[in-house]
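Below, chains carry the letters A, B, ... as their sequence lines are ordered, and counting in each starts from 1.
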Amino acid sequence: MTDHTILRVVSKLLLPYVLLFALYVQFHGDYGPGGGFQAGVIFAAGFVLYGLIFGLTAVRRVAPARMIELVIATGVLVYAGTGVATMLMGGNFLDYDALNAAHPSTGQHYGILVVELGVGMTVAAVMIAVYSTFAGRGRA
Amino acid sequence: MRGLFAAVMLMGIYSFLGASWMLLLDAPDVAFTEASVGAGVSTILALATLALTTRKAKTPVRRPALPLLIVAVTGAALVYGTLDMPHFGDPEAPASNYPHPSYVERTEHDIHVPNVVTAVLASYRGYDTLGETVVIFTAGIAVLVLLRGSRKRRPPGGEGERAP
């Protein structure tokens, strides 16, 4: 689709806002609707749009398959690692109160933020990986 | 209808209508998920599948009498099941009473987060969400293994190697 000037220009204009919106949904999930799952999908949708217009090779240049696989695993590790961290700090598994013993609700804030980040990373990376393996199959 | 492209588009439209419906029921988190996953990414993946296969469904050889009967009976059973459900917006309905409404009351004190959905999802029910994340992780790994694995097994010399 390299010769569609309008599509190229419009998608280039849209892309930063798609990614920014994903980050907003990710980190504003405690206050508005949203969270890791939705943010991850929106973030991946930005990459899918990029891939549709500029081709899969361009996506692979931005997000190499190896890196995407790493992010898939890192997201789960961040989530489970938060649980281990709370255990090390004297609480139960995934009991965020332990993250800040003086102000449990602050600990809850941190815990939710980190855990949602883990969810978002895994979801976004899985979606990008699935899309790029699907789209990459026909052209091998 | 044999045109698969139209079928995929209808699926996306249906999913988007479902999202709007969830929004009308005051469930913006669910609506958000449905719109992004159901209407967005699923449609894209279905289209990618069409690009790899074909746009037309094959004409069935036999008359679909038995499948039609099964579908009709299953549909009737489901509709019969809804007759027992509580009325819409019924305050006595189990959905309004369990899990206990105290989640709504306690969230403000325990977590200081206005969005109770996030509080339940990430904190009170953190184990479940960890499980969901692992499910997505497993599904992603499975897709990668299946799609990549089949490519490696092709005879060398042909289309062989993985793109750089």
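Contacts between Ala73(A) and chain B at a heavy-atom distance below 4.5 Å involve backbone atoms as well as side-chain atoms. At a 4.5 Å heavy-atom cutoff, the contact between Tyr31(A) and chain B is made by backbone and side-chain atoms alike. For chain A, the nearby parts of Ile111(B) are the backbone and the side chain; heavy atoms of each come within less than 4.5 Å. When heavy atoms are compared at a cutoff of 4.5 Å, Ala45(A) does not approach chain B at all. Only the side chain of Phe37(A) has a heavy atom closer than 4.5 Å to any heavy atom of chain B. Of the two parts of Val48(A), only the side chain, counted from C-beta on, holds a non-hydrogen atom closer than 4.5 Å to a non-hydrogen atom of chain B. In this structure, chain A has a heavy atom under 4.5 Å from the side chain of Val41(B), while its backbone stays farther away.
The side-chain heavy atoms of Leu121(B) and Glu116(A), taken from C-beta on, include a pair separated by under 4.5 Å. Side-chain contact between Tyr79(A) and Thr129(B) is present, with at least one heavy-atom pair separated by less than 4.5 Å. The shortest side-chain heavy-atom distance between Val119(A) and Leu130(B) does not fall under the 4.5 Å cut-off. For the pair Ile42(A)/Phe32(B), a side-chain contact is recorded, criterion being any heavy-atom separation below 4.5 Å from C-beta on.
Residues Leu70(A) and Ile141(B) do not share a hydrophobic cluster, defined by chaining ILVMFWY side chains whose heavy atoms lie under 4.5 Å apart. Cluster annotation: Val145(B) is connected to Val76(A) through the hydrophobic network of ILVMFWY side chains, with a link wherever side-chain heavy atoms come within less than 4.5 Å. Criterion: ILVMFWY side-chain heavy atoms under 4.5 Å apart, direct or through other members. Under it, Leu50(B) and Leu10(B) are not part of a common hydrophobic cluster. Phe137(B) and Tyr127(B) fall within the same hydrophobic cluster, where Ile, Leu, Val, Met, Phe, Trp and Tyr residues are linked whenever their side-chain heavy atoms come under 4.5 Å apart, directly or through other members. Follow the hydrophobic side-chain contacts under 4.5 Å out from Val37(B) and you never reach Leu17(B); the two are in separate clusters.
Taking a 6.0 Å sphere around CE of Met67(A), one finds it holds more than 12 heavy atoms contributed by other residues, nucleotides or ligands. Heavy atoms of other residues, nucleotides or ligands lying less than 6.0 angstrom from CE of Met9(B) number more than 12. Around the CD1 atom of Ile6(A), the shell of radius 6.0 Å holds no more than 12 heavy atoms that belong to other residues, nucleotides or ligands. More than 12 heavy atoms of other residues, nucleotides or ligands lie within 6.0 Å of OH in Tyr124(B), so this atom counts as buried by the packing criterion. Heavy atoms from other residues, nucleotides or ligands lying under 6.0 Å from CZ of Arg55(B) number 12 at most.
The heavy-atom pair separating Leu144(B) from Ala129(A) by the smallest distance is CD2-CB, 3.9 Å. Between Asp110(B) and Gln108(A), the closest heavy-atom pair is O-CG, 3.9 Å. Considering every non-hydrogen atom in both Gly32(A) and Asn115(B), the closest pair reads O-ND2, 2.7 Å. Nearest heavy atom pair, residue Pro114(B) against residue Asp30(A), reads CD-O, 3.4 Å.
Of the listed residues (Val115(A), Ile72(A), Val123(A), Val25(A)), the greatest number of heavy-atom pairs within a distance under 4.5 Å of chain B belongs to Ile72(A).
In this structure, the separation between CZ on Phe134(A) and CG on Leu45(B) is 6.0 Å, given to the nearest 0.5 Å. Of the inter-residue distances, the one linking Asp95(A) atom CG with Ser123(B) atom OG reads 7.5 Å to the nearest 0.5 angstrom. Note that OG of Ser132(A) and CG of Leu147(B) are 10.0 Å apart. Values are rounded to the nearest 0.5 Å. In this structure, OG1 in Thr133(B) is found 12.0 Å from CE in Met121(A), a value given to the nearest 0.5 Å.
Judged by distance alone, the side chains of Ser36(B) and Gln38(A) never bring a donor and an acceptor atom under 3.5 Å apart.
Applying a 4.5 Å heavy-atom cutoff, the residues of residues 10-21 of chain A that approach chain B are Phe21(A).
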